[in-house]
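Note: hydrogens, waters and symmetry copies are ignored here, and every other heavy atom, side chains too, is used. Just so it is clear: chains get the letters A, B, ... in the order the sequence lines come, proteins before strands, and each one is counted from 1.
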Protein chains: 2
Amino acid sequence: MPTIKDIAKKLGVSVSTVSRALNNHPDIREETKEEVLEAIKKLNYTPNALARSLIHKRSYTIGLMIPDITDQFFSAMAQGVEEVLSDSGYLVVYGNMSRSPKKERIFLQNASERKMDGLIVTPDTMDDEMIALLQRLEIPVVFLRRRPPASLQMPFVDVDHYKGTCKAIEYLLSLGHKDIGFIGLPDYSFTGRERYRGFVDTMNRHGIELHPNGCVFDERSIALGYQGMAQLHVNYPGMTAVFAANDLLGVGALEWLAENRISVPEQMSVVGFDNLEMTNLHWIKLTTVAQPRTEMGKKAAELLMEMISEKRLASESILFDTELVIRNTCASPNVLKTTI
Amino acid sequence: MPTIKDIAKKLGVSVSTVSRALNNHPDIREETKEEVLEAIKKLNYTPNALARSLIHKRSYTIGLMIPDITDQFFSAMAQGVEEVLSDSGYLVVYGNMSRSPKKERIFLQNASERKMDGLIVTPDTMDDEMIALLQRLEIPVVFLRRRPPASLQMPFVDVDHYKGTCKAIEYLLSLGHKDIGFIGLPDYSFTGRERYRGFVDTMNRHGIELHPNGCVFDERSIALGYQGMAQLHVNYPGMTAVFAANDLLGVGALEWLAENRISVPEQMSVVGFDNLEMTNLHWIKLTTVAQPRTEMGKKAAELLMEMISEKRLASESILFDTELVIRNTCASPNVLKTTI
DNA sequence: CTGAAAGCGCTTACAG
DNA sequence: CTGAAAGCGCTTACAG
């Protein structure tokens, strides 16, 4: 690989001149510039971005920490991030954490050593070590679909899980349901707690008492939604609708209902959360709460671009609204009764 | 951010000494080393990987070109790649091409300027410019789920599409089907041509004549599979089974059949290709041909690691075998007739 | 064991 | 407009 020196020698000019041609600096004669550019083509010269970054103290690289690249929820966000960042001339380094805390630490270490210009992160762990690492980074960071701990003065882009759930429950209520079961996410998850809070508050606001065995909490997976539905069916016989705190759980619930020949929405209404692509499949058509995933990714990237160009580490956070996507899994609870 | 110079000054030693402590070089007194390491901790020093790379002429970075990060087919391969590469201490830069030829060119340009140590690529376009770019790279490249043009002496990791299709067709034949329709991929795709060839050859080998209107070709999408099925239904009335050249098309076909109350597998058998996660959904359970996606990604990464450590640009290519995953969408064609 | 010096491939004031 | 020189933050022979 030829260097700037090689092409300077070949042309009998100084490296400064070559550099000026490369960066189209005004202080260079047009003819000289063209000669240089021609030689560059002929010798198949590529500038060394590493050397350039060393001087500029910028790597034109943004790190994107993703919990699981295989999960379409995150890949849609990633796409949004990529779109605006690559348009701005940055290279985005996707770091796939595979849900491993160790990988998260290594990624931040890498970001620091490779002098990344900014970071968009969706961390799963948030222990003291992690916080300390983020603190030390000295580069702009924005949290995406996660909230930073208060001690970290960093902006986030997330969705209003509370309001989203309220909307879904209001919808079920408007259909006439009163006996609504809840398949929720684990308590350690902020998202899970917010969605649960939305459920409880909305029910209370309407003066409806919660069934003592009407809630079940599980990790996010289809199999667990299936189990949860089975449990609720036994423990909450009067139930006419279920809110699943995410689509995986919702699809699992639907699966159990299909297997047990309980027709949806005639005998049971189901609502999910996330609007995963699979929920729009012909056999599923789940009514669900949509998060603007690509938009969130874009917004996070725009925020980061602003922070970088204005050289500040903080910024306003952004909370997106959700949208209730009504499909085929909800109906009034008395449809069946009146026809009998 | 402190540099090596700062910590040398603080300790009253030379930068060489600090460097040696950092890289645990043998030529340093244990005590000195510990002092340095301590100061490094205290000053929150992070080595600058850019400077290091400039000297080593290696960036410890591998580029991974992905057609569409949002497509689970590719993200599963990417995960395989990541796993072995990050274990080897490399940072993998995922480049999401969003199916854009321009992005592919920019990515290769980036790879060159940033001195990436190797590349794993799944390009969609392969015109002369692309070939020239790849040629000029001078770094190890392996093709993943794509074949390099003959002029490029580069290895690939792919699946035997031909044999995979033969297996699927043999299976339908063994069930007693003779009237098999084919929903294929566009002719410009190597993969598509191979799968079609597998179909035609297997039918011929069994002395079965192809129906003149028994084949339909489309881009890969559920909507197009739906359309394709509708077309075949009209043009090939005696058809008892369909082979869809990929799962998206297969699921679309299944959708059309469900909507038109043609029961699967009783009235129509369907086989897909790829084993996408959605095909295992309760309502789908599509019999399909599985590609070892994660394995392929891993293998590609291993190949690349070998090439890098042995400093060569070529290597043996690898063709993986597929596996027929039998689920619920195939049965003998006469099941229904005998019961009538 | 330790330090001074050269150099990786660039950019950028500073002279001219 | 052009070139010589310093420097970005490191590593690595080379002396001692």
Side-chain angles (χ1 to χ4, degrees), chain A residues 1-37 39-40 43-61 89 109-117 138-139, chain B residues 1-37 39-40 43-61 89 109-117 138-139:
Chain A
M1 279 265 127
T3 72
I4 206 176
K5 224 187 271 176
D6 297 321
I7 103 111
K9 203 178 297 172
K10 189 70 106 194
L11 256 50
V13 299
S14 73
V15 293
S16 327
T17 301
V18 178
S19 175
R20 278 188 274 256
L22 239 34
N23 300 289
N24 48 39
H25 193 96
D27 286 353
I28 186 170
R29 200 156 44 105
E30 193 56 36
E31 292 170 50
T32 325
K33 186 168 164 181
E34 274 163 24
E35 274 179 57
V36 172
L37 259 21
I40 277 168
L43 295 187
N44 181 22
Y45 166 80
T46 318
N48 185 324
L50 263 24
R52 197 175 264 175
S53 292
L54 191 56
I55 296 171
H56 288 161
K57 294 172 181 307
R58 303 184 55 181
S59 62
Y60 307 96
T61 290
Q109 189 63 34
N110 259 315
S112 171
E113 294 188 358
R114 290 165 191 260
K115 306 298 164 197
M116 295 186 186
D117 299 336
E138 298 180 6
I139 59 171
Chain B
M1 278 269 125
T3 72
I4 205 176
K5 224 187 271 175
D6 298 320
I7 102 112
K9 203 177 298 171
K10 188 70 105 194
L11 255 49
V13 299
S14 72
V15 293
S16 327
T17 300
V18 178
S19 175
R20 277 189 274 257
L22 240 32
N23 300 288
N24 47 42
H25 192 95
D27 285 355
I28 186 170
R29 201 157 44 107
E30 194 55 37
E31 292 170 50
T32 324
K33 186 169 164 181
E34 274 163 24
E35 273 179 57
V36 173
L37 260 21
I40 277 170
L43 296 186
N44 182 21
Y45 165 81
T46 319
N48 185 324
L50 262 25
R52 198 175 264 176
S53 292
L54 191 56
I55 295 171
H56 287 161
K57 297 176 180 305
R58 302 185 56 179
S59 63
Y60 307 96
T61 290
Q109 188 64 34
N110 258 315
S112 172
E113 293 188 358
R114 289 164 193 262
K115 306 297 166 197
M116 294 183 185
D117 299 336
E138 299 181 6
I139 58 171

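Side-chain contact between B:Lys10 and B:Leu43: present, with at least one pair of heavy atoms (C-beta onward) separated by less than 4.5 Å. Here the side chains of B:Val18 and B:Tyr45 are not in contact, with every heavy-atom distance at 4.5 Å or above. Considering only heavy atoms from C-beta on, B:Thr32 stays 4.5 Å or farther from B:Arg20 through its side chain. Residues B:Thr3 and B:Asn48 have side chains not in contact (no heavy-atom distance under 4.5 Å, counting atoms from C-beta outward). Using a 4.5 Å heavy-atom threshold, the side chains of B:Ser53 and B:Lys115 count as separate. Put simply, the side chain of A:Glu138 does not reach to within 4.5 Å of the side chain of B:Thr46, judged on heavy atoms. Contact annotation: the side chain of A:Glu35 never approaches that of A:Val13 to less than 4.5 Å [non-hydrogen atoms, C-beta and beyond].
Expressed to the nearest 0.5 Å, how far CD1 of B:Ile139 lies from CZ of B:Arg58 amounts to 11.5 Å. For the atom pair CG of A:Leu22 and CZ of A:Arg52, the computed distance is 6.0 Å after rounding to the nearest 0.5 Å.
Toward the 5′ end of DNA chain D lies the nearest nucleotide of B:Leu54, the other residue of the pair B:Ser16 and B:Leu54 mapping further downstream. Residues A:Leu22 and B:Pro26 each lie close to DNA chain C; by heavy-atom proximity, the contact nearer the 5' end of the strand is made by B:Pro26.
Using a 4.0 Å heavy-atom cutoff across all strands shown, B:Asp27 reaches at least one base atom of the nucleic acid. Residue A:Ile55 is classed as a base contact, given a heavy-atom separation below 4.0 Å to a base. In this structure, B:His56 reaches the sugar-phosphate backbone alone: every heavy-atom distance under 4.0 Å involves primed, P, OP1 or OP2 atoms, never a base. Here B:Thr3 lies in heavy-atom contact (under 4.0 Å) with sugar-phosphate atoms only. In this structure, B:Thr17 reaches the sugar-phosphate backbone alone: every heavy-atom distance under 4.0 Å involves primed, P, OP1 or OP2 atoms, never a base. Contacts of B:Thr32 with the nucleic acid, taken as non-hydrogen atoms under 4.0 Å apart, involve only primed sugar atoms and P, OP1 or OP2.
Summarising the base pairing, D:dA4 is matched to no nucleotide, lacking a Watson-Crick or G-U wobble pair whose two defining distances lie under 3.5 Å. Pair check for D:dA13 finds none; no Watson-Crick or G-U wobble contact set falls under 3.5 Å.
Within residues 8-15 of chain B, no residue has a heavy atom under 4.0 Å from DNA chain D.
Counting 5' to 3', DNA chain D first comes under 4.0 angstrom of a heavy atom of chain A and last does so at the ends given by D:dC1 to D:dG9.
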